[in-house]
Protein chains: 2
Amino acid sequence: MAAKRSGAQSKRSQRKNVKLPSVQEPPLSLERIVATAVELLDAQGIDGLTMRRLADRLGAGAMSLYWHVDNKETVFDLALDSVLEYRGPQQTGESQDWRADVVHMLEGWRASMLRHPWSASLLPRRALGPNILSRLELLSRTLSGAGVADADLNAAIWSLWNYVIGATITRANFDRSDDDMTAAQQRLAGLSEHYPTIERSRLLLDNDWDGTFRKGLDFLLDGLALGTGRDAAGRNP
Amino acid sequence: MAAKRSGAQSKRSQRKNVKLPSVQEPPLSLERIVATAVELLDAQGIDGLTMRRLADRLGAGAMSLYWHVDNKETVFDLALDSVLEYRGPQQTGESQDWRADVVHMLEGWRASMLRHPWSASLLPRRALGPNILSRLELLSRTLSGAGVADADLNAAIWSLWNYVIGATITRANFDRSDDDMTAAQQRLAGLSEHYPTIERSRLLLDNDWDGTFRKGLDFLLDGLALGTGRDAAGRNP
DNA sequence: GGTTGACTCGTACGGTGTACGATGCGAGTG
DNA sequence: CACTCGCATCGTACACCGTACGAGTCAACC
(Lines give C-alpha, C1' and ligand atoms only; values in the text may rest on other atoms or scores of the structure.)
Protein backbone atom coordinates (compact mmCIF):
# COMPACT_ATOMS: atom_id res chain seq x y z
CA MET A 1 0.00 0.00 0.00
CA ALA A 2 1.38 3.36 -0.96
CA ALA A 3 2.26 5.51 1.99
CA LYS A 4 1.21 8.77 0.32
CA ARG A 5 2.98 11.85 1.47
CA SER A 6 0.77 13.59 3.98
CA GLY A 7 2.26 16.17 6.27
CA ALA A 8 4.00 17.87 3.38
CA GLN A 9 6.99 18.56 5.55
CA SER A 10 9.50 16.47 3.63
CA LYS A 11 10.91 17.91 0.46
CA ARG A 12 10.45 15.92 -2.64
CA SER A 13 13.30 13.44 -2.80
CA GLN A 14 15.44 14.41 -5.71
CA ARG A 15 16.73 11.69 -7.93
CA LYS A 16 20.49 11.47 -8.15
CA ASN A 17 20.66 11.96 -11.87
CA VAL A 18 17.85 13.27 -13.94
CA LYS A 19 18.20 11.19 -17.07
CA LEU A 20 16.22 12.41 -20.03
CA PRO A 21 18.12 15.44 -21.24
CA SER A 22 15.35 17.40 -22.95
CA VAL A 23 12.16 16.50 -21.18
CA GLN A 24 9.28 18.63 -22.33
CA GLU A 25 7.48 18.66 -19.00
CA PRO A 26 9.54 18.96 -15.87
CA PRO A 27 8.45 16.67 -13.06
CA LEU A 28 5.75 17.67 -10.69
CA SER A 29 6.70 19.40 -7.51
CA LEU A 30 4.90 21.31 -4.82
CA GLU A 31 6.47 24.53 -6.00
CA ARG A 32 5.38 24.05 -9.58
CA ILE A 33 1.88 23.12 -8.51
CA VAL A 34 1.49 26.21 -6.37
CA ALA A 35 2.97 28.53 -8.98
CA THR A 36 0.67 27.16 -11.65
CA ALA A 37 -2.30 27.40 -9.35
CA VAL A 38 -1.56 31.09 -8.90
CA GLU A 39 -1.34 31.52 -12.65
CA LEU A 40 -4.65 29.80 -13.10
CA LEU A 41 -6.29 31.85 -10.38
CA ASP A 42 -4.98 35.05 -11.89
CA ALA A 43 -6.29 34.08 -15.29
CA GLN A 44 -9.61 32.48 -14.46
CA GLY A 45 -10.57 33.47 -10.94
CA ILE A 46 -11.51 31.29 -8.02
CA ASP A 47 -13.99 29.12 -9.84
CA GLY A 48 -11.50 28.67 -12.64
CA LEU A 49 -9.18 26.63 -10.48
CA THR A 50 -9.95 22.98 -11.00
CA MET A 51 -7.82 20.02 -10.18
CA ARG A 52 -8.15 18.73 -13.71
CA ARG A 53 -7.35 22.08 -15.29
CA LEU A 54 -4.45 22.56 -12.95
CA ALA A 55 -3.08 19.14 -13.87
CA ASP A 56 -3.56 19.86 -17.56
CA ARG A 57 -1.47 22.99 -17.32
CA LEU A 58 1.21 20.95 -15.66
CA GLY A 59 1.07 18.27 -18.30
CA ALA A 60 0.06 15.70 -15.75
CA GLY A 61 -2.90 13.59 -14.84
CA ALA A 62 -5.36 14.96 -12.35
CA MET A 63 -4.72 12.35 -9.72
CA SER A 64 -0.99 12.92 -9.79
CA LEU A 65 -1.52 16.13 -7.89
CA TYR A 66 -2.74 14.22 -4.89
CA TRP A 67 0.65 12.79 -4.24
CA HIS A 68 1.97 16.25 -3.46
CA VAL A 69 -1.14 17.78 -1.99
CA ASP A 70 -3.75 16.51 0.38
CA ASN A 71 -6.74 18.08 -1.34
CA LYS A 72 -7.94 21.14 -3.16
CA GLU A 73 -8.30 23.11 0.05
CA THR A 74 -4.59 22.99 0.68
CA VAL A 75 -3.95 24.18 -2.86
CA PHE A 76 -5.91 27.28 -1.97
CA ASP A 77 -4.03 27.65 1.30
CA LEU A 78 -0.68 27.38 -0.42
CA ALA A 79 -1.58 29.68 -3.29
CA LEU A 80 -2.83 32.33 -0.92
CA ASP A 81 0.20 32.21 1.29
CA SER A 82 2.58 32.20 -1.65
CA VAL A 83 1.04 35.40 -2.96
CA LEU A 84 1.59 37.06 0.37
CA GLU A 85 5.27 36.31 0.48
CA TYR A 86 7.15 39.29 1.77
CA ARG A 87 10.46 40.26 0.25
CA GLY A 88 12.05 43.18 1.95
CA PRO A 89 14.03 44.33 4.90
CA GLN A 90 13.17 42.73 8.19
CA GLN A 91 14.16 45.80 10.07
CA THR A 92 14.09 45.07 13.73
CA GLY A 93 15.90 48.12 14.95
CA GLU A 94 14.14 51.36 15.67
CA SER A 95 13.54 53.37 12.56
CA GLN A 96 13.53 57.11 12.78
CA ASP A 97 10.08 57.23 11.30
CA TRP A 98 8.06 54.26 12.44
CA ARG A 99 4.94 55.76 11.01
CA ALA A 100 6.30 55.91 7.50
CA ASP A 101 7.49 52.35 7.94
CA VAL A 102 4.04 51.17 8.87
CA VAL A 103 2.39 53.01 6.01
CA HIS A 104 4.88 51.62 3.56
CA MET A 105 4.47 48.14 4.93
CA LEU A 106 0.71 48.16 4.78
CA GLU A 107 0.56 49.73 1.36
CA GLY A 108 2.82 47.01 0.08
CA TRP A 109 0.61 44.44 1.69
CA ARG A 110 -2.44 45.84 0.03
CA ALA A 111 -0.66 46.06 -3.31
CA SER A 112 0.36 42.42 -3.12
CA MET A 113 -3.21 41.36 -2.66
CA LEU A 114 -4.66 43.65 -5.29
CA ARG A 115 -2.24 42.16 -7.77
CA HIS A 116 -4.13 38.90 -7.25
CA PRO A 117 -7.70 39.92 -6.58
CA TRP A 118 -8.83 36.42 -5.71
CA SER A 119 -6.59 36.50 -2.66
CA ALA A 120 -8.85 38.99 -0.94
CA SER A 121 -11.86 36.73 -1.38
CA LEU A 122 -9.87 33.77 -0.18
CA LEU A 123 -8.38 35.26 2.93
CA PRO A 124 -11.48 35.09 5.11
CA ARG A 125 -11.77 31.35 4.87
CA ARG A 126 -8.20 30.19 4.97
CA ALA A 127 -5.74 29.53 7.71
CA LEU A 128 -2.83 31.80 8.50
CA GLY A 129 0.14 30.60 6.52
CA PRO A 130 3.77 31.28 7.34
CA ASN A 131 4.03 34.30 5.07
CA ILE A 132 0.98 35.92 6.60
CA LEU A 133 2.42 35.28 10.01
CA SER A 134 5.72 36.79 8.95
CA ARG A 135 4.02 39.98 7.97
CA LEU A 136 2.15 40.06 11.24
CA GLU A 137 5.40 39.49 13.05
CA LEU A 138 7.08 42.34 11.26
CA LEU A 139 4.19 44.67 11.96
CA SER A 140 4.18 43.59 15.55
CA ARG A 141 7.89 44.20 15.89
CA THR A 142 7.68 47.62 14.31
CA LEU A 143 4.89 48.79 16.55
CA SER A 144 6.54 47.39 19.60
CA GLY A 145 9.76 49.14 18.70
CA ALA A 146 7.86 52.35 18.13
CA GLY A 147 6.92 52.47 21.77
CA VAL A 148 3.33 51.34 21.64
CA ALA A 149 2.39 50.33 25.15
CA ASP A 150 2.16 46.61 25.75
CA ALA A 151 -1.44 46.97 26.85
CA ASP A 152 -2.31 48.56 23.53
CA LEU A 153 -0.10 46.45 21.33
CA ASN A 154 -2.53 43.73 20.39
CA ALA A 155 -5.32 46.16 19.73
CA ALA A 156 -2.99 48.23 17.60
CA ILE A 157 -1.83 45.27 15.56
CA TRP A 158 -5.28 43.90 15.02
CA SER A 159 -6.81 47.24 14.14
CA LEU A 160 -4.20 47.84 11.46
CA TRP A 161 -4.49 44.32 10.15
CA ASN A 162 -8.26 44.51 10.09
CA TYR A 163 -8.21 47.80 8.33
CA VAL A 164 -5.93 46.55 5.60
CA ILE A 165 -7.92 43.39 5.11
CA GLY A 166 -11.19 45.23 4.95
CA ALA A 167 -9.94 47.96 2.64
CA THR A 168 -8.40 45.48 0.27
CA ILE A 169 -11.48 43.33 0.15
CA THR A 170 -13.72 46.31 -0.46
CA ARG A 171 -11.49 47.54 -3.20
CA ALA A 172 -11.14 44.19 -4.88
CA ASN A 173 -14.86 43.71 -4.73
CA PHE A 174 -15.48 46.97 -6.51
CA ASP A 175 -13.03 46.07 -9.22
CA ARG A 176 -14.90 42.90 -9.82
CA SER A 177 -18.31 44.53 -9.79
CA ASP A 178 -17.26 47.13 -12.29
CA ASP A 179 -16.86 44.40 -14.83
CA ASP A 180 -20.56 44.37 -15.44
CA MET A 181 -21.12 48.05 -15.86
CA THR A 182 -24.66 47.66 -17.06
CA ALA A 183 -25.82 46.19 -13.78
CA ALA A 184 -23.93 48.85 -11.88
CA GLN A 185 -25.47 51.62 -13.92
CA GLN A 186 -29.02 50.50 -13.46
CA ARG A 187 -28.45 49.84 -9.81
CA LEU A 188 -27.14 53.32 -9.27
CA ALA A 189 -30.09 54.74 -11.12
CA GLY A 190 -32.39 54.01 -8.19
CA LEU A 191 -29.91 55.06 -5.57
CA SER A 192 -30.66 58.72 -5.13
CA GLU A 193 -34.19 57.87 -4.23
CA HIS A 194 -33.50 55.51 -1.35
CA TYR A 195 -29.98 56.47 -0.34
CA PRO A 196 -29.70 60.21 -0.72
CA THR A 197 -26.62 60.68 1.42
CA ILE A 198 -24.68 57.99 -0.38
CA GLU A 199 -25.74 59.44 -3.68
CA ARG A 200 -24.77 62.96 -2.72
CA SER A 201 -21.33 61.96 -1.50
CA ARG A 202 -20.73 59.89 -4.63
CA LEU A 203 -19.43 57.27 -2.24
CA LEU A 204 -19.80 54.42 -4.70
CA LEU A 205 -18.88 56.22 -7.85
CA ASP A 206 -15.60 57.84 -8.63
CA ASN A 207 -13.73 57.01 -5.50
CA ASP A 208 -10.00 57.56 -5.28
CA TRP A 209 -9.29 54.25 -3.64
CA ASP A 210 -5.61 54.73 -3.05
CA GLY A 211 -6.11 58.14 -1.51
CA THR A 212 -9.01 56.93 0.58
CA PHE A 213 -6.98 54.03 1.86
CA ARG A 214 -4.17 56.31 2.84
CA LYS A 215 -6.48 58.79 4.51
CA GLY A 216 -8.21 56.17 6.62
CA LEU A 217 -4.87 54.74 7.57
CA ASP A 218 -3.83 58.19 8.73
CA PHE A 219 -6.94 58.44 10.87
CA LEU A 220 -6.10 55.16 12.47
CA LEU A 221 -2.46 56.01 13.04
CA ASP A 222 -3.38 59.41 14.45
CA GLY A 223 -5.66 57.80 16.98
CA LEU A 224 -3.08 55.19 17.74
CA ALA A 225 -0.33 57.72 18.36
CA LEU A 226 -2.70 59.76 20.46
CA GLY A 227 -3.77 56.74 22.46
CA THR A 228 -0.23 55.75 23.26
CA GLY A 229 0.88 59.21 24.23
CA ARG A 230 3.21 59.71 21.33
CA ASP A 231 2.86 62.52 18.89
CA ALA A 232 1.93 61.67 15.36
CA ALA A 233 5.37 61.78 13.85
CA GLY A 234 5.58 62.40 10.17
CA ARG A 235 1.96 63.07 9.52
CA ASN A 236 1.67 64.81 6.21
CA PRO A 237 -0.07 68.18 6.20
CA MET B 1 -42.14 28.79 -23.89
CA ALA B 2 -42.33 29.67 -20.27
CA ALA B 3 -41.43 33.27 -19.56
CA LYS B 4 -39.57 32.49 -16.35
CA ARG B 5 -39.50 35.22 -13.81
CA SER B 6 -36.21 37.00 -14.12
CA GLY B 7 -35.85 40.43 -12.66
CA ALA B 8 -37.35 39.29 -9.38
CA GLN B 9 -39.03 42.62 -8.93
CA SER B 10 -42.61 41.40 -9.10
CA LYS B 11 -44.06 39.84 -6.01
CA ARG B 12 -45.35 36.35 -6.37
CA SER B 13 -48.90 36.61 -7.68
CA GLN B 14 -51.16 35.38 -4.95
CA ARG B 15 -54.02 33.16 -5.88
CA LYS B 16 -57.43 34.46 -4.93
CA ASN B 17 -58.30 31.55 -2.66
CA VAL B 18 -55.81 29.08 -1.40
CA LYS B 19 -57.76 25.88 -1.52
CA LEU B 20 -56.29 22.96 0.35
CA PRO B 21 -56.90 23.80 3.99
CA SER B 22 -54.17 21.81 5.72
CA VAL B 23 -51.31 21.53 3.27
CA GLN B 24 -48.21 20.06 4.83
CA GLU B 25 -45.75 22.07 2.81
CA PRO B 26 -46.57 25.69 2.18
CA PRO B 27 -45.91 26.80 -1.39
CA LEU B 28 -42.54 27.99 -2.44
CA SER B 29 -41.80 31.64 -2.25
CA LEU B 30 -38.73 33.79 -2.46
CA GLU B 31 -38.98 34.55 1.23
CA ARG B 32 -39.17 30.92 2.22
CA ILE B 33 -36.29 30.03 -0.06
CA VAL B 34 -34.05 32.72 1.39
CA ALA B 35 -34.98 31.92 4.97
CA THR B 36 -34.28 28.23 4.46
CA ALA B 37 -31.02 29.02 2.72
CA VAL B 38 -29.93 30.96 5.80
CA GLU B 39 -30.89 28.02 8.01
CA LEU B 40 -28.89 25.69 5.85
CA LEU B 41 -25.90 27.99 5.81
CA ASP B 42 -26.02 28.34 9.57
CA ALA B 43 -26.17 24.59 9.99
CA GLN B 44 -23.79 23.38 7.32
CA GLY B 45 -21.63 26.28 6.22
CA ILE B 46 -21.04 27.62 2.76
CA ASP B 47 -20.30 24.32 1.10
CA GLY B 48 -23.35 22.83 2.75
CA LEU B 49 -25.70 24.94 0.69
CA THR B 50 -26.75 22.94 -2.34
CA MET B 51 -29.68 23.53 -4.60
CA ARG B 52 -30.84 19.98 -4.10
CA ARG B 53 -30.49 20.11 -0.34
CA LEU B 54 -32.20 23.45 -0.22
CA ALA B 55 -35.08 22.11 -2.25
CA ASP B 56 -35.30 19.03 -0.04
CA ARG B 57 -35.67 21.15 3.04
CA LEU B 58 -38.46 22.99 1.32
CA GLY B 59 -40.19 19.80 0.29
CA ALA B 60 -39.79 20.68 -3.35
CA GLY B 61 -37.93 19.49 -6.39
CA ALA B 62 -34.57 21.02 -7.08
CA MET B 63 -35.61 22.62 -10.33
CA SER B 64 -38.58 24.34 -8.77
CA LEU B 65 -36.23 26.79 -7.14
CA TYR B 66 -35.26 28.15 -10.49
CA TRP B 67 -38.65 29.66 -11.03
CA HIS B 68 -38.06 32.02 -8.14
CA VAL B 69 -34.34 32.47 -8.43
CA ASP B 70 -32.03 32.93 -11.36
CA ASN B 71 -29.22 30.76 -10.09
CA LYS B 72 -27.30 29.76 -7.01
CA GLU B 73 -25.31 32.99 -6.98
CA THR B 74 -28.40 35.03 -6.33
CA VAL B 75 -29.36 32.71 -3.48
CA PHE B 76 -26.08 33.70 -1.88
CA ASP B 77 -26.72 37.36 -2.59
CA LEU B 78 -30.17 37.23 -1.06
CA ALA B 79 -29.13 35.21 1.96
CA LEU B 80 -26.29 37.58 2.70
CA ASP B 81 -28.37 40.68 2.40
CA SER B 82 -31.19 39.20 4.46
CA VAL B 83 -28.82 38.54 7.31
CA LEU B 84 -27.72 42.14 7.26
CA GLU B 85 -31.19 43.54 7.59
CA TYR B 86 -31.17 46.44 9.95
CA ARG B 87 -34.00 46.93 12.40
CA GLY B 88 -33.63 50.00 14.48
CA PRO B 89 -34.07 53.71 14.56
CA GLN B 90 -33.18 55.59 11.41
CA GLN B 91 -32.23 58.65 13.34
CA THR B 92 -31.51 61.42 10.96
CA GLY B 93 -31.40 64.25 13.46
CA GLU B 94 -28.30 65.21 15.34
CA SER B 95 -27.72 63.01 18.32
CA GLN B 96 -26.04 64.44 21.34
CA ASP B 97 -23.41 61.74 21.22
CA TRP B 98 -22.64 60.84 17.66
CA ARG B 99 -19.70 58.82 18.75
CA ALA B 100 -21.73 56.50 20.91
CA ASP B 101 -24.18 56.20 18.04
CA VAL B 102 -21.47 55.09 15.66
CA VAL B 103 -20.03 52.61 18.12
CA HIS B 104 -23.42 51.14 18.80
CA MET B 105 -24.21 50.94 15.13
CA LEU B 106 -20.99 49.20 14.18
CA GLU B 107 -21.09 46.80 17.09
CA GLY B 108 -24.57 45.78 16.04
CA TRP B 109 -23.31 45.31 12.53
CA ARG B 110 -20.52 43.10 13.66
CA ALA B 111 -22.86 41.13 15.91
CA SER B 112 -25.25 40.49 13.04
CA MET B 113 -22.50 39.02 10.98
CA LEU B 114 -20.96 36.96 13.73
CA ARG B 115 -24.33 35.38 14.31
CA HIS B 116 -23.95 33.92 10.83
CA PRO B 117 -20.24 33.32 10.38
CA TRP B 118 -20.54 32.43 6.72
CA SER B 119 -21.67 35.96 5.98
CA ALA B 120 -18.21 37.34 6.61
CA SER B 121 -16.69 34.95 4.10
CA LEU B 122 -19.37 35.77 1.60
CA LEU B 123 -19.25 39.53 1.78
CA PRO B 124 -16.09 40.01 -0.27
CA ARG B 125 -17.50 38.35 -3.32
CA ARG B 126 -21.06 39.54 -3.39
CA ALA B 127 -22.75 42.66 -4.58
CA LEU B 128 -24.04 45.32 -2.23
CA GLY B 129 -27.66 44.52 -1.46
CA PRO B 130 -30.25 47.01 -0.28
CA ASN B 131 -29.75 46.22 3.40
CA ILE B 132 -26.03 46.73 3.15
CA LEU B 133 -26.63 50.01 1.40
CA SER B 134 -29.11 51.03 4.08
CA ARG B 135 -26.50 50.55 6.73
CA LEU B 136 -23.99 52.53 4.72
CA GLU B 137 -26.57 55.25 4.28
CA LEU B 138 -27.26 55.43 7.99
CA LEU B 139 -23.57 55.56 8.80
CA SER B 140 -23.06 58.20 6.20
CA ARG B 141 -25.91 60.29 7.55
CA THR B 142 -24.68 60.04 11.12
CA LEU B 143 -21.16 61.10 10.26
CA SER B 144 -22.38 63.89 8.10
CA GLY B 145 -24.64 65.11 10.87
CA ALA B 146 -21.76 64.89 13.31
CA GLY B 147 -19.93 67.57 11.42
CA VAL B 148 -17.36 65.54 9.56
CA ALA B 149 -16.06 67.75 6.80
CA ASP B 150 -17.28 66.91 3.34
CA ALA B 151 -13.73 66.42 2.14
CA ASP B 152 -13.19 63.80 4.82
CA LEU B 153 -16.60 62.19 4.68
CA ASN B 154 -15.92 59.44 2.20
CA ALA B 155 -12.64 58.50 3.79
CA ALA B 156 -14.35 58.42 7.17
CA ILE B 157 -17.16 56.19 5.96
CA TRP B 158 -14.90 53.80 4.16
CA SER B 159 -12.39 53.54 6.95
CA LEU B 160 -15.09 52.60 9.43
CA TRP B 161 -16.71 50.21 7.02
CA ASN B 162 -13.38 48.61 6.19
CA TYR B 163 -12.48 48.25 9.81
CA VAL B 164 -15.74 46.53 10.67
CA ILE B 165 -15.49 44.19 7.70
CA GLY B 166 -11.92 43.29 8.46
CA ALA B 167 -12.46 42.79 12.15
CA THR B 168 -15.49 40.62 11.61
CA ILE B 169 -13.74 38.49 9.05
CA THR B 170 -10.72 38.03 11.26
CA ARG B 171 -12.86 37.08 14.18
CA ALA B 172 -15.08 34.69 12.24
CA ASN B 173 -12.01 33.09 10.77
CA PHE B 174 -10.57 32.41 14.19
CA ASP B 175 -13.79 30.87 15.35
CA ARG B 176 -13.69 28.51 12.44
CA SER B 177 -10.04 27.64 12.88
CA ASP B 178 -10.51 26.84 16.52
CA ASP B 179 -12.74 23.99 15.54
CA ASP B 180 -9.77 21.84 14.79
CA MET B 181 -7.80 22.42 17.93
CA THR B 182 -5.24 19.78 17.17
CA ALA B 183 -3.98 21.60 14.11
CA ALA B 184 -3.98 24.87 15.99
CA GLN B 185 -2.01 23.40 18.86
CA GLN B 186 0.69 21.92 16.72
CA ARG B 187 0.89 25.04 14.63
CA LEU B 188 1.40 27.19 17.66
CA ALA B 189 4.06 24.85 18.91
CA GLY B 190 6.50 26.11 16.31
CA LEU B 191 5.53 29.73 16.67
CA SER B 192 7.88 30.97 19.33
CA GLU B 193 10.80 29.93 17.23
CA HIS B 194 9.95 31.85 14.07
CA TYR B 195 7.63 34.53 15.35
CA PRO B 196 8.91 35.60 18.73
CA THR B 197 7.03 38.87 18.95
CA ILE B 198 3.71 37.31 18.06
CA GLU B 199 4.36 34.57 20.56
CA ARG B 200 5.28 36.97 23.32
CA SER B 201 2.22 39.14 22.82
CA ARG B 202 -0.04 36.09 22.73
CA LEU B 203 -1.62 37.76 19.75
CA LEU B 204 -3.19 34.60 18.44
CA LEU B 205 -4.05 32.95 21.69
CA ASP B 206 -6.41 34.26 24.30
CA ASN B 207 -7.52 37.40 22.62
CA ASP B 208 -10.44 39.38 23.99
CA TRP B 209 -12.01 39.93 20.61
CA ASP B 210 -14.84 42.16 21.72
CA GLY B 211 -12.53 44.38 23.69
CA THR B 212 -9.99 44.51 20.90
CA PHE B 213 -12.63 45.46 18.42
CA ARG B 214 -13.80 48.28 20.63
CA LYS B 215 -10.31 49.49 21.28
CA GLY B 216 -9.38 49.64 17.64
CA LEU B 217 -12.62 51.39 16.87
CA ASP B 218 -11.71 53.97 19.49
CA PHE B 219 -8.35 54.53 17.85
CA LEU B 220 -10.06 55.11 14.57
CA LEU B 221 -12.67 57.44 16.00
CA ASP B 222 -10.03 59.37 17.91
CA GLY B 223 -8.10 59.96 14.76
CA LEU B 224 -11.25 60.84 12.91
CA ALA B 225 -12.36 63.36 15.48
CA LEU B 226 -8.89 64.81 15.53
CA GLY B 227 -8.73 65.01 11.78
CA THR B 228 -11.97 66.87 11.52
CA GLY B 229 -11.14 69.32 14.23
CA ARG B 230 -13.73 68.11 16.68
CA ASP B 231 -12.86 66.85 20.09
CA ALA B 232 -13.37 63.20 20.81
CA ALA B 233 -16.70 63.45 22.56
CA GLY B 234 -17.59 60.64 24.88
CA ARG B 235 -14.34 58.75 24.75
CA ASN B 236 -14.21 56.48 27.73
CA PRO B 237 -11.26 56.88 30.08
C1' DG C 1 -64.43 24.13 -24.10
C1' DG C 2 -60.19 26.28 -25.10
C1' DT C 3 -56.37 29.07 -24.07
C1' DT C 4 -53.11 31.20 -21.29
C1' DG C 5 -49.91 31.87 -17.87
C1' DA C 6 -47.96 30.68 -13.27
C1' DC C 7 -45.66 27.22 -11.22
C1' DT C 8 -43.58 22.39 -10.35
C1' DC C 9 -40.58 18.81 -11.43
C1' DG C 10 -38.20 14.39 -13.83
C1' DT C 11 -34.60 13.57 -16.71
C1' DA C 12 -30.28 14.33 -18.51
C1' DC C 13 -25.70 16.47 -19.47
C1' DG C 14 -21.29 17.97 -18.58
C1' DG C 15 -18.55 19.00 -14.92
C1' DT C 16 -16.49 18.40 -10.09
C1' DG C 17 -13.33 16.33 -6.10
C1' DT C 18 -11.23 12.33 -5.03
C1' DA C 19 -10.96 6.89 -3.47
C1' DC C 20 -8.86 2.96 -5.25
C1' DG C 21 -5.77 0.10 -7.41
C1' DA C 22 -2.66 -0.76 -11.30
C1' DT C 23 1.51 0.69 -13.25
C1' DG C 24 6.27 2.37 -14.13
C1' DC C 25 10.77 3.26 -12.59
C1' DG C 26 15.29 3.98 -10.19
C1' DA C 27 18.00 2.35 -6.44
C1' DG C 28 19.52 -0.98 -3.20
C1' DT C 29 20.47 -5.73 -1.97
C1' DG C 30 21.33 -10.56 -2.71
C1' DC D 1 21.98 -10.62 -12.79
C1' DA D 2 17.23 -11.08 -10.47
C1' DC D 3 14.45 -9.21 -6.84
C1' DT D 4 12.31 -6.19 -3.97
C1' DC D 5 10.85 -1.77 -2.44
C1' DG D 6 9.52 3.07 -2.18
C1' DC D 7 8.42 7.07 -4.87
C1' DA D 8 5.58 8.88 -8.22
C1' DT D 9 2.08 8.80 -11.92
C1' DC D 10 -2.31 7.96 -13.71
C1' DG D 11 -7.00 5.55 -15.62
C1' DT D 12 -11.22 4.40 -14.01
C1' DA D 13 -15.16 4.99 -11.29
C1' DC D 14 -18.44 7.06 -8.02
C1' DA D 15 -21.25 10.31 -5.86
C1' DC D 16 -22.52 14.73 -6.27
C1' DC D 17 -22.98 19.29 -8.29
C1' DG D 18 -25.51 23.35 -11.12
C1' DT D 19 -28.81 23.76 -14.35
C1' DA D 20 -30.98 23.35 -19.59
C1' DC D 21 -34.95 21.46 -21.42
C1' DG D 22 -39.45 20.30 -21.85
C1' DA D 23 -43.50 18.02 -20.07
C1' DG D 24 -46.91 18.30 -16.61
C1' DT D 25 -50.58 20.47 -13.32
C1' DC D 26 -53.92 23.72 -12.21
C1' DA D 27 -56.51 28.17 -11.71
C1' DA D 28 -58.33 32.03 -14.22
C1' DC D 29 -60.29 34.02 -18.04
C1' DC D 30 -62.46 34.29 -22.80
Side-chain angles (χ1 to χ4, degrees), chain A residues 1-21 23-33 36-37 40 44-77 79, chain B residues 1-20 23-33 36-37 40-41 44-77 79:
Chain A
M1 183 184 302
K4 186 171 187 177
R5 184 142 69 100
S6 61
Q9 68 279 19
S10 69
K11 288 285 181 194
R12 185 171 176 282
S13 75
Q14 56 251 18
R15 305 199 185 90
K16 293 293 167 59
N17 289 326
V18 178
K19 287 291 175 56
L20 316 176
V23 178
Q24 285 287 52
E25 303 285 354
L28 278 175
S29 72
L30 200 57
E31 295 77 21
R32 241 165 60 79
I33 289 177
T36 310
L40 203 49
Q44 317 233 41
I46 284 191
D47 293 336
L49 178 58
T50 293
M51 295 305 267
R52 285 179 236 255
R53 268 210 276 268
L54 180 54
D56 268 5
R57 274 209 180 206
L58 289 160
M63 291 312 293
S64 305
L65 301 177
Y66 285 87
W67 178 261
H68 305 268
V69 156
D70 276 351
N71 46 40
K72 191 185 179 182
E73 299 256 297
T74 77
V75 176
F76 277 132
D77 284 339
Chain B
M1 183 184 304
K4 187 172 186 179
R5 184 142 69 100
S6 61
Q9 69 279 18
S10 70
K11 287 285 180 191
R12 185 170 175 281
S13 74
Q14 56 250 19
R15 303 199 187 92
K16 291 293 167 59
N17 290 328
V18 178
K19 286 291 173 60
L20 315 176
V23 178
Q24 286 287 52
E25 302 286 354
L28 278 177
S29 72
L30 200 58
E31 294 78 21
R32 240 165 61 78
I33 289 178
T36 308
L40 203 49
L41 284 165
Q44 317 233 42
I46 284 190
D47 294 336
L49 178 58
T50 293
M51 295 305 267
R52 285 179 236 253
R53 268 210 275 269
L54 181 53
D56 268 5
R57 274 210 181 206
L58 289 160
M63 291 313 291
S64 305
L65 301 177
Y66 286 87
W67 179 262
H68 304 268
V69 156
D70 277 352
N71 47 39
K72 192 185 179 184
E73 299 255 298
T74 77
V75 175
F76 277 132
D77 284 340

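Protein chains get the first letters and strands the later ones, always in sequence-line order, with residue 1 at the start of each.
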In whole angstrom, what separates [X]'s [atom1] from [N]'s [atom2]?
{"X": "B/R32", "N": "C/dC7", "atom1": "CZ", "atom2": "P", "value": "14 Å"}
{"X": "A/L49", "N": "C/dG17", "atom1": "CG", "atom2": "P", "value": "8 Å"}
{"X": "A/L54", "N": "C/dT16", "atom1": "CG", "atom2": "P", "value": "12 Å"}
{"X": "A/N71", "N": "C/dG17", "atom1": "CG", "atom2": "C1'", "value": "9 Å"}
{"X": "B/W67", "N": "D/dC21", "atom1": "CH2", "atom2": "P", "value": "15 Å"}
{"X": "B/D47", "N": "C/dT18", "atom1": "CG", "atom2": "P", "value": "11 Å"}
{"X": "A/L65", "N": "C/dT16", "atom1": "CG", "atom2": "P", "value": "13 Å"}
{"X": "A/L30", "N": "D/dC7", "atom1": "CG", "atom2": "C1'", "value": "15 Å"}

Quick one: pull up [atom1] in [X] and [atom2] in [Y] and give me the separation to the nearest 0.5 Å.
{"X": "B/N71", "Y": "B/F76", "atom1": "CG", "atom2": "CZ", "value": "11.0 Å"}
{"X": "A/T36", "Y": "A/D56", "atom1": "OG1", "atom2": "CG", "value": "11.5 Å"}
{"X": "B/I33", "Y": "B/H68", "atom1": "CD1", "atom2": "NE2", "value": "5.0 Å"}
{"X": "B/L41", "Y": "B/L49", "atom1": "CG", "atom2": "CG", "value": "4.5 Å"}

Discussion item. One character per nucleotide, please: for nucleotides 10-15 of chain D, 5' to 3', B when the base has a protein heavy atom closer than 4.0 Å, S when only the sugar-phosphate does, - otherwise.
Written reply: BBBB--
Worksheet entry | Among D/dC7, D/dC17, C/dG17, the nucleotide that comes nearest once only the side chain of A/T50 is considered | C/dG17
Worksheet item: Which nucleotide sits closest to the side chain of B/K72: D/dG18, C/dT18, D/dC7?
Response: D/dG18
Fill in: Residues in side chain to side chain contact (heavy atoms under 4.5 Å, CB included) contact with A/M51, at least two apart in sequence or another chain
A/L65, A/Y66, A/K72, A/V75
Could you tell me which non-hydrogen atom of [X] sits nearest to which non-hydrogen atom of [Y], and how far apart they are?
{"X": "B/R53", "Y": "B/D47", "value": "NH2-O, 4.0 Å"}
{"X": "A/S64", "Y": "A/L28", "value": "CB-CD1, 3.6 Å"}
{"X": "A/A55", "Y": "A/A62", "value": "CB-CA, 3.5 Å"}

Discussion item. Please tell me if A/H68 has a side-chain N or O lying less than 4.0 Å from either OP1 or OP2 of D/dT9.
Written reply: yes
Worksheet, complete the sentence: The bend of the helix from C/dG1-D/dC30 to C/dG30-D/dC1, taken between the axes of its five terminal pairs at each end and rounded to 10°, is 30°
Item to complete: Would you check if the side chain of A/S29 reaches a backbone N or O of A/R32 as a donor-acceptor pair within less than 3.5 Å?
Response: yes
